[in-house]
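Below is one structure, written out as structure tokens, with a few remarks after it.
Letters go in sequence order (proteins before strands), and every chain restarts at 1. Hydrogens, waters and symmetry mates play no part in the numbers below; they use all other heavy atoms, side chains included.
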Amino acid sequence: MRHLLDTDTLAREDAIRILDTAGQMAATQEREMRKLPTLRGRTVVNLFFEDSTRTRISFEAAAKRLSADVINFSAKGSSLSKGESLKDTALTLQAMGADAVVVRHWASGAAHRLAHSGWMHGHVLNAGDGTHQHPTQALLDAFTMRRHLVGGGKDPAATGKALEGLTFAIVGDILHSRVAGSNIPLLRTLGANVVVVAPPTLLPYGMAQRSDIAVHHTLDEAIEAHDLDGIMMLRVQRERMTGGGSGFFPSPEEYTRLFGLDGERLRRMPDHAIILHPGPMNRGLEISAEAADHPRSVIVEQVSNGVAVRMAALYLLLAGEEAPE
Amino acid sequence: MTGTVLGAPDMTRALTRIAHEILERNEGHESLVILGIPTRGVPLAHRLATRIADVEPGFDADANCGALDITMYRDDLHRQPTRAIGETTLPDAGIDGATIVLVDDVFHTGRTIRAALDAIKDLGRPRAVQLAVLVDRGHRELPIRADFVGKNLPTAKTERVDVHLEEIDGVDEVLISGTGSKGATSQDSSSPSPVSEAGA
């Protein structure tokens, strides 16, 4: 594995290897001494063209726990806001000796461009590109699901296992969500069934025709039709709702009524079903406070698992010998 | 020289002797923790702990035996394909103030043990660390020595030593293969089957 750009091209064995490695990384994070010397002398650049706090902090923590040097490069107040092109930024990073670049960009495909243009030799990790993909988020979701629903007893991390036969619903703005964009292929790769719940206006073209995904237009319908093992509530991205034609749904109240997860809907799901949310949450819009703070909610755990998964990705990309191009 | 250096009975005798030596050196089993280095050090550590408990019933073999993965502390990570990370399990009581006996199958350059000492440093502050190995094949690259040795095995650098254990490989044996003159070719022809970290 040279880059981590999307989950479409991520092989099943590589995905499981990342999850297994993340399990060992998570174990090291329970110790008193949490820093490992593994990536000493390596430089990781966080290149963020879009505001993000949690993803950047998570990557920064992951790199620092592995003793890599971290350089944060964000659009605000840097040359990026003065109109520098992605290419010139890449050449600069190459000249500074970046071993890995964690990139978040508003344009879909930016990470792929950075990885395959020949501008720089470092490893590229996609931390979200436009409405396309956010692979480490999908991997931390899968890691969290596997821990809760597959692991148990002597092997809580469920090492080596996938998500075979489990059913997960992804609810909300599938059209603009890079979290959904990464989760759907990864869940399919790992053998899980995917149920998508969204208003017709927020579904990508062609998704309703796909035979390997069940599509519903209200949450009640989906809860009725499937025994869900987990439900992932996507954030209603207000900033994306107002642009262009706007009007993806009539009103926030109607969205909540048809797609919001509350205690009442939760009680109609199987008792073991877990609740995921990539954050930040709009409490009262896509998820009620009761659901967000429910014992079956794993939302806070997703954050700590995020550090372990990103440590695993950095380790697997950076620790081994440099493969010839 | 190619062939079996230690058979199952030899291995049993060596481990029993080492168990006695550990108890003798430490004047009992007080605060003793046996840690195996994956892969094949772990079953060896369990066998040693069981033997120690046979001699001194006060020693809890399960509670005081564990595994210490050293992958993330290696100094050759950049020279090899990415390695899978093994599991580290420690006694619930931790290792502060304990006497740790590290257990590995083949003692070669000493680099694995250096990494293990670094890993231990991050996990706590033991009172002492000792080293038990099944086979010492020489060729040290660091000033590190073993406290307990199953068998001293003079080797050429080009030879390889493979330890097979019942728990992992289905059979107890130590094999040596390859010769000084044509070591390279015989190394290439050795099967990709269970291979200990003899060179590391």
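Residue A/Leu36 holds its CG atom at 4.5 Å from OH of B/Tyr73, rounded to the nearest 0.5 Å. The CG atom of A/Leu39 lies 7.0 Å from the NE2 atom of B/His78; values are rounded to the nearest 0.5 Å. Note that CG of A/Leu316 and CD1 of B/Ile85 are 7.0 Å apart. Values are rounded to the nearest 0.5 Å. Put simply, CG on B/Asp96 and CD on A/Glu32 are 7.5 Å apart, with the number rounded to the nearest 0.5 Å.
Proximity to chain B (any heavy atom under 4.5 Å) is restricted, for A/Met25, to the side chain, taken from C-beta onward. Contacts between A/Thr28 and chain B at a heavy-atom distance below 4.5 Å involve the side chain alone, from C-beta outward.
Dense packing is recorded around CD of A/Glu164, with more than 12 heavy atoms of other residues, nucleotides or ligands lying under 6.0 Å away. Annotation for B/Glu167: atom CD counts as buried by contact number, over 12 foreign heavy atoms lying within 6.0 Å. Enclosure of atom NZ in A/Lys87 is not indicated, since only 12 or fewer non-hydrogen atoms of other residues, nucleotides or ligands lie within 6.0 angstrom. More than 12 heavy-atom neighbours from other residues, nucleotides or ligands sit within 6.0 angstrom of CZ on B/Arg17. Atom CD of B/Glu141 is surrounded by more than 12 heavy atoms from other residues, nucleotides or ligands within 6.0 Å. Other residues, nucleotides and ligands contribute only 12 or fewer heavy atoms inside 6.0 Å of the CZ atom of B/Arg125. Environment of NE2 in A/His112: sparse, with no more than 12 heavy atoms of neighbouring residues, nucleotides or ligands closer than 6.0 Å.
For B/Met72 against A/Leu66, the heavy-atom pair with the smallest separation is SD-CD2, 4.3 Å. Here the closest non-hydrogen pair linking A/Gln24 and B/Glu87 is OE1-CA, 3.6 Å. Of all non-hydrogen atoms in B/Asp122 and A/Pro37, the two that sit nearest each other are OD2-CD, 4.4 Å.
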Evaluation steps, side-chain contact (heavy atoms from CB on, under 4.5 Å), between B/Leu123 and A/Met33: CA-CA 7 Å; B/Leu123 291 168; A/Met33 175 66 194; over 6 Å; no
